[in-house]
Structures are given as structure tokens and as C-alpha cells.
Student: 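Next up is a structure, given as C-alpha cells.
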There are 2 protein chains.
Amino acid sequence: MKREKISELTTNRLSVYLRCLNELRAAGIKTISSQELADQFKLNSAQIRKDLGYFGEFGVRGTGYSIEELRQHLTKILGLDKVHRVGIVGAGRLGTALANYNGLAKSSFAVVALFDNDQQKIGQTIGVDRIPVYDVKKIAKLVHNEEIDIAVIAVPARVAQRVLNQIMAAGVKAVLNFAPAPLVGRLGVKVKTVDLTTSLESLSYFLALPQKARVTNARRVAAELKRQVVNDKRDL
Amino acid sequence: MKREKISELTTNRLSVYLRCLNELRAAGIKTISSQELADQFKLNSAQIRKDLGYFGEFGVRGTGYSIEELRQHLTKILGLDKVHRVGIVGAGRLGTALANYNGLAKSSFAVVALFDNDQQKIGQTIGVDRIPVYDVKKIAKLVHNEEIDIAVIAVPARVAQRVLNQIMAAGVKAVLNFAPAPLVGRLGVKVKTVDLTTSLESLSYFLALPQKARVTNARRVAAELKRQVVNDKRDL
DNA sequence: CTCTGTGAAGTCATTCACAGCG
DNA sequence: CGCTGTGAATGACTTCACAGAG
């Protein structure tokens, strides 16, 4: 296992591979080759082998990968063998929706606290899990008491940087930001921004293109189509 | 204006530039250089000039860019001079949260319909804007009647591909997908996936790293800052 | 003979660096 | 002069292609 720097593109893909492996396991399949796995999404098989290669040699030549074994390795690599405790700052619509989002509960993330500055909301609980809403001022205390290791920013853009500063001051090292703002992180703190407006505007750009440009979108689309066909065959 | 293929990384940044310009305009500033703009987020000024250069020569040498003028150009380029009509499939927590999300209303996206298969929800309206919830079966009809040009998938992963197929059959060309599933699009249809689980698992990976690797050298962290904005250049 | 693991080649993106306009 | 626009250089990511393990 050579500890060179792993790109975020790679870690994102590892997450996707893991999800796929979980499904395959549920389907009772024991073994899979990088080529078969690549067909599931439209990736190149060398990409998968290379991604895995950064972390070790998990495959068996001539056979492929043991699904259960690879699954365990990826779980470990991604740090999903421990439950992460998540605090959401901003108990607005997005914040509460995320607190209730089942997708998270199913994986190893537990939302343990929400924070807001609205006195109306503070003291309430959210969802069937009755997650408490605290005063934003108590972030530092609760990060410590509840052992929160991941924070989610779901506040308006204009206060996002201030909130991030509070979060970092409290010692949280990983932050998922939904505010459409370019946040400045600090050494050793990972800030990942999910920007819905940018995503939509990017779609808008695509729609604004002349139809010809949208369709003649080059090799990648062609390659996708090819794989699609392959997939369909396989399913039969 | 040379019509070569523009990377999605570029269009994502254009969206961010535009947001910044809107703020600068609100602050009453008239002109800005690429260097100043680059300082706002941690970008390279050449990057900005190159991004803009794909679409024309908007700058004035020795001075910089007229904020109002550049703002108008970017708005046009991103197709934001027209209001996009958005339909959200899945009236669960995420779907309704998005329907209510003010960030969208502020820009040029209007959510005009939700779709669900739960008879309890069909016929209801969501939020202060009273957006109606329709039966999923009516997607094709409503896409036509309401002139929906962007669809949002906010349904569980296992039904996401089926929903996408219905959406594409209805003629929608741009789709924002929140389901954690590798969807297969069709020629001329843009599918952009926002995968919360992957984002969180990527943060988890970071936390699982030895502290030393997390902090690394300042140069690398600076470079990472630029990547904060989630850029799924590969749509899963 | 199949499929992994991996250098080498190829492709795409970012940054440098500077000519030349205003 | 200062700042844009852009080739040329560098760097990052992906894909090819094949030696070699099982």
C-alpha cells in the first residue's frame, strides 16, 4: 500500500463501487471482475483496477474480486467501519430534510444535533428520531459532548463563512457545505461544497446550447450508448 | 467566439463568477480585474480569463471587466435570461425541501410541479407557492402543458432509472438526480447527479486518514480549496 | 486462457509567462 | 504602465496495452 496522495475523484468512485458491491452481495453474487463492475456504471475497467491499486492488491488474477472481501476493504478504507456523528447547522427546510434523510441513516452517518439561531426552533426536536435543535452558540460544547466529527452547513450564503469559522473553532475537521458561497477553510479541515444553484445553472447552459451541440456531444456519449447496449444484453 | 467543447468544470465556474458579480454589483462596484476576482475565491486569474475567453473578449486591457456587462454576458451564456420550469419527481422530504428552497426562486428556476405515486400526496399542494403534486403517470402530459424543461429526481435509488426513463420519454433534456444510483442517460439528455452519500463518504475517507496526511503541506491544501466545489465531471 | 496490476501513452485541465492593447 | 488574451509548459486524470499470476 503506497501512501501517495489519493485524488478526490478516486475516493468518490470508491464510494460508488462500495454501493454497487453492497447490491451485488444482496443479490447473492460472490465474485466480480473489474470489467463487469465497469459495465455497471459507464467506467473503464482499468480505472477501477487503478483506483483499487492505490490501496492494495485485492484481486485474484483470472477470477476477479471477491465481493465480500473487497466490500470489507472499501468500508475500512473509507472509514465507514465507524459511525460518524453529524451536526447540521441550519434547521431550515434543507437542514431538516437532511436530518430526516434516510439514505444517511442506512449508511454509517448519524445525525445527532441541529443548530439554529431562531429561538422558535431551539429546544424543538426534528423527525421521528427526535433530533434536538440547539442554539448555534452551543456548537463548541455539543461538538465536544456529542463527539460530532462531521458538520453540515445548511444556512444562507451570507452567514456561511461565519458558521464555518465557528465549526472549525469547535474542532470539526470535515464539513459538507450546501450554501452557495466560496468558503475559505483552514489547514487540515476538509470542506466539500454541494452547490445546487451551480448544478442547475450548468444544466441551463446545456439547454441553451444549439441542439446540434447537445446531441453531437462527442465520444463519451457514444461510448455510453455502447455500454448501455452491453448492459441490456447482460440483463437478458 | 470559437465553438469548441466547453468543459463542465468551466460552466460550473461561470456560475460561480456570475454569483460573485451579482454581489459586486449590489455593492456598487463597477469594474474588476481577473486578479481581484480570483482573490475572492482562491482561483488563478489565468483560469478566469481562459474561461471567459472561450466565449469572447469581454475585458478591457489595463482596466479589467465591466461588472454589469460581464454579468449580462454570463447570464446569456448560461441561459439564465429565460426562466426554466422545473418538475420534481418524488414528493418526499428531499423533494418538498427542494420545492421550497428559496435559492432557486431567486435565480431563474421556477418549480411548477411535483410528482409522486402516493395517493395520499397526489392532489395536495406544497409550500407557500402551493405547488401541486401530480400522479407520476401524468409526467408526460404535464411536461407538455407546463413546459417543464428541467426535471429533478428525488426518489429512492431503486426506482430512479425507471423515473429517468419516463422523464426522457416525456422529452425533458436536462435532469438533476439526487438518487444515489448510476443512471444511464440517452443521447442529447444531460443527467447531473448530486450524490450526498458519496460526498459524505469522501469526507469520511479524509477523516480516516492519519492526521499527518490530513494536514500535509500548505500548497496542497491551497490547491484543494479550489476543488471544494463538487465537480462531478463524470455523471454517474 | 482470463483477469489483475501497472508502466507508458494519451487526453484533458490548469498555470505560467509574455506579447501587445488601451 | 496594468491587465487582457493566449500559446506553451506543466500537471492531473484516464485509458491503453501487456507482462505475468493463478
Side-chain angles (χ1 to χ4, degrees), chain A residues 1-2 4-14 16-17 30-39 41-67 69-70 73 202 217-224 226-227, chain B residues 1-2 4-14 16-17 30-39 41-67 69-70 73 202 216-217 219-220 222-229 231-236:
Chain A
M1 193 190 291
K2 6 161 188 179
E4 59 186 276
K5 210 247 169 173
I6 306 301
S7 138
E8 197 160 322
L9 297 172
T10 294
T11 61
N12 286 345
R13 280 190 300 265
L14 292 183
V16 175
Y17 302 158
K30 298 293 181 212
T31 271
I32 194 167
S33 71
S34 61
Q35 184 57 60
E36 289 172 296
L37 198 49
D39 291 345
F41 354 92
K42 54 229 172 187
L43 287 179
N44 181 294
S45 65
Q47 174 98 79
I48 295 177
R49 293 197 300 277
K50 197 140 253 189
D51 284 341
L52 298 177
Y54 292 127
F55 300 95
E57 306 202 355
F58 306 131
V60 180
R61 286 151 199 255
T63 311
Y65 300 86
S66 150
I67 285 176
E69 200 189 308
L70 185 54
H73 275 121
S202 199
N217 213 353
R219 290 182 290 262
R220 187 190 291 176
V221 178
E224 270 166 34
K226 211 163 62 178
R227 288 227 174 74
Chain B
M1 194 189 291
K2 7 162 189 181
E4 58 187 275
K5 210 244 170 178
I6 307 299
S7 137
E8 198 159 322
L9 297 173
T10 294
T11 61
N12 285 346
R13 280 190 300 263
L14 292 182
V16 175
Y17 302 158
K30 299 294 183 210
T31 271
I32 194 166
S33 71
S34 60
Q35 185 57 60
E36 290 171 295
L37 198 50
D39 291 345
F41 355 90
K42 273 54 199 173
L43 286 181
N44 181 295
S45 64
Q47 174 96 81
I48 295 178
R49 293 198 299 278
K50 196 141 256 189
D51 284 342
L52 299 178
Y54 292 127
F55 299 95
E57 307 202 353
F58 305 131
V60 179
R61 285 151 199 255
T63 311
Y65 300 86
S66 150
I67 286 176
E69 200 188 308
L70 186 54
H73 275 122
S202 199
T216 59
N217 60 72
R219 173 103 67 88
R220 182 167 289 163
E224 251 164 48
L225 259 177
K226 295 165 196 166
R227 298 236 171 74
Q228 265 180 37
V229 172
N231 50 5
D232 50 329
K233 68 176 178 184
R234 297 208 139 262
D235 301 331
L236 299 175

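Below, chain A is the first sequence line, B the second, and so on; all start at residue 1. Because the structure is predicted, anything quoted here is derived from the model rather than measured.
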Student: Rounding to an integer number of Å, can you tell me how far I6(A) CD1 sits from dT14(D) P?
Tutor: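 Rounded to the whole Å, the gap is 12 Å.
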Student: Does any donor atom in the side chain of N12(A) or E8(A) lie under 3.5 Å from an acceptor atom in the other side chain?
Tutor: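 The answer is no; no qualifying pair exists.
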Student: Looking at S34(A), does any N or O in its side chain come under 4.0 Å of the phosphate oxygens OP1/OP2 on dT4(C)?
Tutor: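 Yes, because at least one side-chain N or O of S34(A) sits under 4.0 Å from OP1 or OP2 of dT4(C).
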Student: For a ring pair (Phe, Tyr, Trp, His ring centres under 6.0 Å) with H73(A), tell me which candidate from F58(A), Y54(A), Y17(A) qualifies.
Tutor: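 Looking at F58(A), Y54(A), Y17(A), the match for H73(A) under the ring pair (Phe, Tyr, Trp, His ring centres under 6.0 Å) is F58(A).
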Student: More 5' along DNA chain D: E57(B) or T10(A), using each one's nearest nucleotide?
Tutor: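 Comparing both residues, the 5'-ward one is E57(B).
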Student: Within the pair Y65(B) and dG5(D), is there a side-chain N or O less than 4.0 Å away from OP1 or OP2?
Tutor: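 So the side chain of Y65(B) is within the cut-off, an N or O lying under 4.0 Å from OP1 or OP2 of dG5(D).
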Student: Taking atom P of dC16(C) as reference, at what distance in whole Å does atom CD of Q47(B) sit?
Tutor: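 Roughly 11 Å, once rounded to whole Å.
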Student: With a 3.5 Å cut-off and heavy atoms only, can you find an N or O donor on one side and an acceptor on the other between the side chain of K50(A) and the base of dT15(D)?
Tutor: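 Per atom types, the contact qualifies.
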Student: Closer than 3.5 angstrom, by distance alone: can the side chain of Q47(B) be matched with the main-chain N or O of N44(B) as a donor-acceptor pair?
Tutor: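 Side chain of Q47(B) to backbone of N44(B): no pair is present.
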Student: Establish, with yes or no, whether the OP1 or OP2 oxygen of dA13(C) is under 4.0 angstrom from a side-chain nitrogen or oxygen of S7(B).
Tutor: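 The answer is yes; a side-chain N or O of S7(B) sits under 4.0 Å from OP1 or OP2.
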Student: Once rounded to the nearest 0.5 Å, what's the spacing between atom CG of L9(B) and atom CG of L14(B)?
Tutor: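 CG of L14(B) is found 11.0 Å from CG of L9(B).
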Student: Rounding to an integer number of Å, can you tell me how far L52(A) CG sits from dC3(C) P?
Tutor: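 Atom CG in L52(A) sits about 16 Å away from atom P in dC3(C).
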Student: Nearest 0.5 Å, please: how far is CG in D51(A) from OG in S34(A)?
Tutor: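 Rounded to the nearest 0.5 Å, the OG-CG separation comes out at 11.0 Å.
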Student: How long is the straight-line distance from OG1 of T63(A) back to CD1 of I32(A), given to the nearest 0.5 Å?
Tutor: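 So the CD1 of I32(A) and the OG1 of T63(A) are separated by 13.5 Å.
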Student: What does the list of N/O pairs under 3.5 Å between the protein and nucleotides 17-21 of chain D look like, with a distance for each?
Tutor:
residue	atom	partner	partner atom	Å
dA17(D)	N6	R49(A)	NH2	3.2
dG20(D)	N2	R61(A)	NH1	3.3

Student: I need the CG-C1' distance between N44(B) and dC18(C), as an integer number of Å.
Tutor: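 Rounded to whole Å, this separation is 15 Å.
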Student: Whole angstroms only, please: what is the CG-C1' distance between D51(A) and dT14(D)?
Tutor: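 After rounding, the reported distance stands at 10 Å.
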Student: Could you tell me the separation between the OH atom of Y54(B) and the P atom of dT4(D), rounded to a whole number of Å?
Tutor: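 Rounded to the whole Å, the gap is 17 Å.
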Student: Can you tell me how far C1' of dC13(D) sits from CG of L9(B), to the nearest Å?
Tutor: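 Rounded to the whole Å, the gap is 11 Å.
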Student: Rounded off to whole Å, could you give me the CG-to-C1' distance for the L43(A) and dC16(D) pair?
Tutor: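 Whole-Å distance recorded here is 16 Å.
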Student: Going by heavy atoms in the side chains, are Y65(A) and L52(A) under 4.5 Å from each other?
Tutor: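 Touching, per the 4.5 Å side-chain cut-off.
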